[in-house]
Number of protein chains: 2
Amino acid sequence: MSFMNFSKTTEYAFRILSYMAMDERKLYISRDIHKDLQIPFRYLRKQLTSLSKSELIHSVQGKNGGYMISKPLENISLLDIMDAVGDNSLESSCFFGFQTCALKEKCTMHTKWALVLKSIKDVLTTTSLSELKESGPHSFISNNNLLFTKN
Amino acid sequence: MSFMNFSKTTEYAFRILSYMAMDERKLYISRDIHKDLQIPFRYLRKQLTSLSKSELIHSVQGKNGGYMISKPLENISLLDIMDAVGDNSLESSCFFGFQTCALKEKCTMHTKWALVLKSIKDVLTTTSLSELKESGPHSFISNNNLLFTKN
DNA sequence: CATAAATGACACCTCGGGGTATTATTAAGC
DNA sequence: GCTTAATAATACCCCGAGGTGTCATTTATG
Ligand code: SF4
Ligand code: SF4
């Protein structure tokens, strides 16, 4: 009985990217990301290979391999991250969940909700990884991961 | 790959209540609501009996029975409707989906996202059924239900 | 070239939101 | 009081997001 939050996958992507933004030229390995971000290991692996097919990060295979951010941090917005995982849930849609609506004059919620979505989208487009870099959750996680629920 | 929208159950509740707001003293029967709102019949029935255990609507059993709104329209906000279906997804929570966070100084998204949630919540608390009454989706649906996707 | 340390591919499982089927109960009205 | 038209209760089913298990592939390094 809930859901007006992001999907786990999207949340995880936010964590991963903001974590890797700590050092944009470092090659991160999945094991470390897992330890610090509390994402189930194999699911994280799956998501990392999936993400490395996007423009945001790329992978290096073989020994000493890992993942690295591909673009300047200021060019990666939170919305870009949502795009990368195929989350398009911010596309404006009917507040009531109708697929089809032929109301000539739109109902009250139509404009109200469009505005809400736009404001959310604005926040997510204007927030880039460079902005998160200093204040991101990593700063806490990396040296205090014991405090998180161990799943 | 999505989900920043409401759950089906919440959307349905929005539809149902804004529909019943058309005439606040009319006793609506599930069959008619189903016809007009394109909600799967048996699921609608389940949700109606569930809703009638809330403060928002009550049911009348037996022949000629049905459902009616219980409170003045201006006293029912969209957030009240979410409450009625147990959707508390607007409770402010960690943007990154962490259950525990001991950051002394909160990260950038913490405040940003709290503001977003607050603005959403504001819209939903200040919008009451009385405001939706005239412009609600019903005004279209009730006489144009052919235009909706069948099923 | 053998080994180890990393990612990639692929098949499978789980669980809860959403949806269905059936039977019981209530009450109007002839 | 029998029938009929409504809701109530209960149990079950389905599917996809999220999560797991196993094996294959790539590459550094001695
Ligand atoms: S006008 Fe109202 S019912 Fe129609 S699509 Fe917009 S929000 Fe939905
Ligand atoms: S400070 Fe950041 S990481 Fe911590 S709870 Fe708030 S949003 Fe989440």
Side-chain angles (χ1 to χ4, degrees), chain A residues 1-16 20 26-35 37-54 56-70 82 85-89 97 99 149-151, chain B residues 1-16 20 26-35 37-54 57-68 70 82 85-89 97 99 149-151:
Chain A
M1 297 290 181
S2 49
F3 282 41
M4 179 68 197
N5 31 35
F6 294 103
S7 69
K8 283 288 175 197
T9 306
T10 301
E11 284 178 352
Y12 290 164
F14 285 152
R15 293 190 201 179
I16 294 168
M20 293 177 64
K26 177 173 170 185
L27 209 55
Y28 291 91
I29 69 175
S30 56
R31 187 123 235 118
D32 290 347
I33 302 178
H34 163 67
K35 282 265 175 61
L37 293 186
Q38 313 295 319
I39 301 171
F41 186 62
R42 293 164 199 286
Y43 194 64
L44 168 70
R45 292 282 311 286
K46 204 199 285 192
Q47 218 181 316
L48 281 170
T49 66
S50 158
L51 278 171
S52 63
K53 283 168 184 156
S54 78
L56 304 186
I57 71 177
H58 63 274
S59 70
V60 175
Q61 291 193 38
K63 193 170 179 175
N64 298 339
Y67 303 90
M68 183 166 34
I69 286 192
S70 301
M82 289 182 68
V85 297
D87 183 340
N88 60 345
S89 54
Q99 286 90 344
T149 55
K150 273 306 179 187
N151 174 26
Chain B
M1 296 290 182
S2 49
F3 281 45
M4 179 68 195
N5 31 35
F6 295 102
S7 68
K8 284 287 175 200
T9 306
T10 300
E11 285 178 351
Y12 290 165
F14 286 153
R15 292 190 202 179
I16 294 167
M20 293 177 65
K26 176 174 170 184
L27 209 56
Y28 291 91
I29 70 176
S30 56
R31 187 124 236 119
D32 289 346
I33 302 179
H34 162 67
K35 281 264 176 62
L37 293 185
Q38 313 295 318
I39 302 172
F41 185 62
R42 292 161 200 284
Y43 194 63
L44 168 71
R45 292 285 313 284
K46 203 200 285 193
Q47 217 181 318
L48 282 170
T49 66
S50 158
L51 279 171
S52 63
K53 283 167 183 158
S54 77
I57 70 177
H58 63 274
S59 69
V60 174
Q61 292 193 38
K63 193 169 179 178
N64 297 339
Y67 303 90
M68 184 168 32
S70 302
M82 291 182 68
V85 296
D87 183 340
N88 59 346
S89 54
Q99 287 87 345
T149 55
K150 280 296 176 195
N151 169 51

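All chains are named by letter (A, B, ...) in the order of the sequence lines, taking the proteins before the strands, and each is independently numbered beginning at 1. Note that these values count all heavy atoms, side chains included, but never hydrogens, waters or copies made by symmetry.
- Summarising the geometry, the separation between NE2 on B:H58 and P on D:dA8 is reported as 11 Å, rounded to the nearest angstrom.
- Taking each heavy atom of A:N5 and B:S89 in turn, the nearest pair found is ND2-CB, 4.5 Å.
- The nearest whole Å value for the distance from the CG atom in B:L44 to the C1' atom in D:dA8 is 14 Å.
- Residue B:M20 contributes atom CE, which lies 10 Å from atom P of D:dT7 at whole-angstrom precision.
- Between A:Y12 and D:dA17 there is no side-chain N or O to OP1 or OP2 distance below 4.0 Å.
- Note that CG of A:L51 and CE of A:M20 are 8.5 Å apart. Values are rounded to the nearest 0.5 Å.
- For the pair B:K53 and D:dT7, the criterion of a side-chain N or O lying under 4.0 Å from OP1 or OP2 is not met.
- Not one side-chain nitrogen or oxygen of B:S59 sits closer than 4.0 Å to the OP1 or OP2 atom of D:dA6.
- Contacts of B:F41 with the nucleic acid, taken as non-hydrogen atoms under 4.0 Å apart, are absent.
- The shortest distance between side-chain heavy atoms of A:Y43 and A:T9 falls below 4.5 Å.
- Annotation: the span from B:I39 atom CD1 to B:R15 atom CZ amounts to 5.5 Å, rounded to 0.5 Å.
- For B:K8 and C:dG19, a side-chain-to-base donor-acceptor distance below 3.5 Å is absent, hydrogens and geometry of angles not being considered.
- Nearest-nucleotide positions on DNA chain C for A:K46 and A:G65 put A:G65 closer to the 5' end.
- Heavy-atom nearest nucleotides on DNA chain D were determined for A:Q61 and for B:Y67, and the one closer to the 5' end corresponds to B:Y67.
- Within the 4.0 Å cut-off from OP1 or OP2 of D:dA17, not a single side-chain nitrogen or oxygen of A:T9 is found.
- Phosphate contact (OP1/OP2 of C:dA6, side-chain N/O of A:S30, threshold under 4.0 Å): absent.
- Put simply, CD on A:Q38 and CD on B:Q99 are 9.5 Å apart, with the number rounded to the nearest 0.5 Å.
- Counting to the nearest Å, the C1' atom of C:dT26 and the CD1 atom of B:I29 are 16 Å from each other.
- Listed pair B:R42 / C:dG19 fails the phosphate criterion, with no side-chain N or O lying under 4.0 Å from OP1 or OP2.
- An OP1 or OP2 oxygen of C:dT7 is reached within less than 4.0 angstrom by no side-chain nitrogen or oxygen of A:S52.
- Side-chain atoms of B:K63 and base atoms of C:dG29 include no donor and acceptor less than 3.5 Å apart.
- B:L37 is not listed as a side-chain neighbour of B:Y12, based on a closest heavy-atom distance of 4.5 Å or more.
- Phosphate proximity of D:dT29 to A:N64: present, with a side-chain N or O under 4.0 Å from OP1 or OP2.
- On a pure distance criterion of 3.5 Å, no polar donor-acceptor pair joins the side chain of B:R31 and the base of D:dA6.
- We find that CG of B:L27 is positioned 8 Å from P of D:dT7, with the value rounded to whole Å.
- Rounded to whole Å, the distance from CD1 on A:I33 to P on C:dA6 is 12 Å.
- Mapping A:R45 and B:T49 onto DNA chain D via the closest heavy atom, the residue that lands nearer the 5' end is B:T49.
- Summarising the geometry, the separation between OH on B:Y43 and C1' on D:dC15 is reported as 14 Å, rounded to the nearest angstrom.
- The CD1-P distance, from A:I57 to C:dA6, rounds to 17 Å in whole Å.
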